[in-house]
Amino acid sequence: MWGGGVVDWDGLRRELGDWYERVRRDLPWRRTRDPYAIWVSEVMLQQTRVKTVIPYYERFLERFPDVAVLAGADLQAVYKLWEGLGYYSRARHLHAAAGMIMAQMGGRVPSDPQVLRRLPGIGDYIAAAVLSIAFDQPFAVVDGNVKRVLARVFLMETPVNHPPGHARFQTVADRLLDREQPGRHNQALMELGALVCTPKRPLCPQCPWTAHCRALQSGAVPDFPRRVKPRRPGEQFWVAGAVLKKGRLLLTRRPDRGLLAGLWEFPCDRMDGAADPAADCAAMVRRQVGLHCAPPQHLVTVRHAYTHFKLRMALYLCPWQGGRVRLDGPDHFDWVRPDQLDRLPLHGAVHKALPALLQALRGQ
DNA sequence: GAACCGTGGTA
DNA sequence: TTACCAAGGTT
């Protein structure tokens, strides 16, 4: 894998550690050794930028300062704090894991790898991160940063976005790990990927590993890491109906599984056909919440990009005409005054459409 | 093993 | 506008 060349593992570890001590960012989760806080930070940082996470992390630790408080909290409150951060199952898993820790593990984040790994939402990466950073245990993390750095330094052809190749990176990361200071080492390697060995325009002159990097020596840095072509996401069309009754709007909650689990929205569904969207919307309202409404009035159509499909959602204003709410799909509902909408966790597409709705309501 | 699961920044 | 990408995990 390393082309027969000799690798100076000790030199790599030392130079990385020295570099990290010089340039490390002062991040909120680097000011604590509390396993709970480290865990929360790692969950939030999953597929999410540091800059985005910081305010969420601060609020979360303030509101839920330890495992016991989180376990005792209402899941809806956790979702509300997570609103806008995405991947909402992370919030549900964190809450459920806190409950398990209180019920079965004496209220402390477990330091046993096998126990930790059993908690929902904790996979290989987060387990290794918590164990190394909070408990000084010798586990190497492999995230997107680590793969990119290793691919360049060792000229690894393994695609970084193809699960079958993951084990190759883990093997190299294990060999490279500084077992004396695993927490510092793991953070240093990720910091190198975040600050220097970046996806585009890496800052090679600032890299502590210029003498070791095979991609740099062969002028191939822009060609690494390798990546397999992802499939282009398809497009979906949704119709959403804001049912208005006596100045209140009907909001529904999505089921606890699947897309946008647990978040609130206006009743919506994929469009049946392109023939008559307004009639589609009225039919959707009857089907999903059992209500009859006056002819829906188109307010706005928003675009939103999810991981695996693109969405165009048309929002209609639907004056209530009759019927009592009977849910088919959503698992909860509530009639909400427009100025109270911010009490519920809403997803991105709803937030995009909201200004048009509020403006229409003011105009009535 | 492949598909699913969000959002915002950036080029 | 589109494509890429970011401290992954679950089903």
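Lettering of chains follows the sequences in order, A, B, ..., and the numbering in each one begins at 1.
- For an aromatic pair to be called close, the ring centres must be under 6.0 Å apart, and A:H308 with A:Y306 fails this.
- Checked by distance alone, A:T48 brings a side-chain donor or acceptor within 3.5 Å of a matching partner on the base of B:dG6.
- Ranking C:dA6, B:dG6, C:dG8 by closeness to the A:R227 side chain, first place goes to C:dA6.
- Among B:dA3, C:dA7, C:dT2, the nucleotide with an atom closest to any side-chain atom of A:N145 is C:dA7.
- Closest to the side chain of A:Y306, from the set B:dG6, B:dC4, C:dA7, is B:dG6.
- Look at CZ on A:R90: it is 8 Å from C1' on B:dG6, rounded to the nearest Å.
- Comparing atom distances between the A:R25 side chain and each of B:dG6, B:dC4, C:dA7 picks out C:dA7 as nearest.
- Rounding to whole angstrom units, CG of residue A:L94 and P of C:dG9 are separated by 13 Å.
- Residue contacts for A:L85: at a heavy-atom cut-off of 4.0 Å it reaches a base atom on one of the strands shown.
- Rounded to whole Å, atom C1' of C:dA6 lies 15 Å from atom OH of A:Y56.
- Defined by atom type and a distance below 3.5 Å, a donor-acceptor pair is present between the side-chain atoms of A:E83 and A:H351.
- Position along DNA chain B of the nearest nucleotide to A:L346 versus A:R231 favours A:R231 as the more 5'-ward residue.
- Within 4.0 Å of A:W29, counting heavy atoms only, lies at least one base atom of the nucleic acid.
- Comparing B:dT7, C:dT10, C:dA7 by their closest approach to the side chain of A:R30 singles out C:dA7.
- For the OP1/OP2 pair of B:dT7 and a distance below 4.0 Å, the side-chain nitrogens and oxygens of A:H304 include at least one atom meeting the criterion.
- Between A:R226 and A:E157, at least one side-chain N (NZ, or NE/NH1/NH2) sits under 4.0 Å from a carboxylate O, which counts as a salt bridge.
- Looking at heavy-atom distances under 4.0 Å, A:R148 makes contact with sugar-phosphate atoms alone, never a base.
- Between A:H162 and A:G86, the one whose closest nucleotide on DNA chain B sits nearer the 5' end is A:H162.
- Distance CD (A:Q170) to P (C:dG8): 13 Å, rounded to an integer number of Å.
- Among the atoms of the strands shown, none is found under 4.0 Å from any heavy atom of A:K352.
- Comparing B:dG9, B:dT7, B:dC5 against the side chain of A:R49 picks out B:dG9 as the nearest.
- The nearest whole Å value for the distance from the CG atom in A:N161 to the C1' atom in B:dC4 is 16 Å.
- A:T307 comes within 4.0 angstrom of a nucleotide base, judged by non-hydrogen atoms across all strands.
- With both ends at atom P, the span from B:dC5 to C:dC5 equals 22 Å, rounded to whole Å.
- Taking the six-membered ring for Trp and the full ring otherwise, A:F60 and A:W29 have centroids separated by 6.0 Å or more.
- For C:dC4, the OP1/OP2 oxygens have a side-chain nitrogen or oxygen of A:K229 closer than 4.0 Å.
- Listed candidates were B:dA2, C:dT2, C:dA7. Nearest to the side chain of A:M190 is C:dA7.
- One can find a donor-acceptor pair under 3.5 Å joining the base of B:dG6 and the side-chain atoms of A:Y87.
- A tilted orientation is assigned to the rings of A:F309 and A:W238, their planes being inclined by 30° to 60°.
- Here A:G193 lies out of heavy-atom contact (under 4.0 Å) with every strand.
- Across C:dA7, B:dG8, B:dT7, the shortest atom-to-atom separation from the side chain of A:L27 is found for C:dA7.
- The separation of B:dA3 from C:dA7, taken at their P atoms, amounts to 24 Å, rounded to a whole angstrom.
- Checking B:dG6, C:dC5, C:dA7 against the side-chain heavy atoms of A:P199 singles out C:dC5 as nearest.
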Derivation and outcome, side chain to side chain contact (heavy atoms under 4.5 Å, CB included), residues A:F139 and A:N186: CA-CA 9 Å; A:F139 292 89; A:N186 281 332; 5.7 Å; no
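- The distance between atom CG of A:L311 and atom C1' of B:dG6, rounded to the nearest whole Å, is 12 Å.
- One finds the CZ atom of A:R13 at 12.0 Å from the CG atom of A:L189 (value rounded to the nearest 0.5 Å).
- The NZ-C1' distance, from A:K310 to B:dC5, rounds to 18 Å in whole Å.
- In this model, the phosphate group of B:dC5 is approached by a side-chain N or O of A:H308 to a distance below 4.0 Å at OP1 or OP2.
- At the phosphate of C:dG8, OP1 or OP2 sits under 4.0 Å from a side-chain N or O atom of A:Q47.
- For the P atom pair drawn from C:dT11 and B:dG6, the interatomic distance equals 13 Å after rounding to whole Å.
- Nucleic acid contact for A:P163: none, since no nucleic acid atom lies under 4.0 Å from a heavy atom of the residue.
- In this structure, A:R257 and A:R232 both approach DNA chain C, and ranking their closest nucleotides by distance from the 5' end singles out A:R232.
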Step-by-step side chain to side chain contact (heavy atoms under 4.5 Å, CB included) determination, A:L94 to A:V78: CA-CA 9 Å; A:L94 201 48; A:V78 182; 5.8 Å; no
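- Atom OH of A:Y88 is separated from atom P of B:dG6 by 7 Å (rounded to the nearest Å).
- Nearest to the side-chain atoms of A:I126 among the listed nucleotides C:dC4, C:dA7, C:dG8 stands C:dG8.
- Counting any heavy atom pair closer than 4.0 Å across all strands shown, A:N186 reaches no nucleic acid atom.
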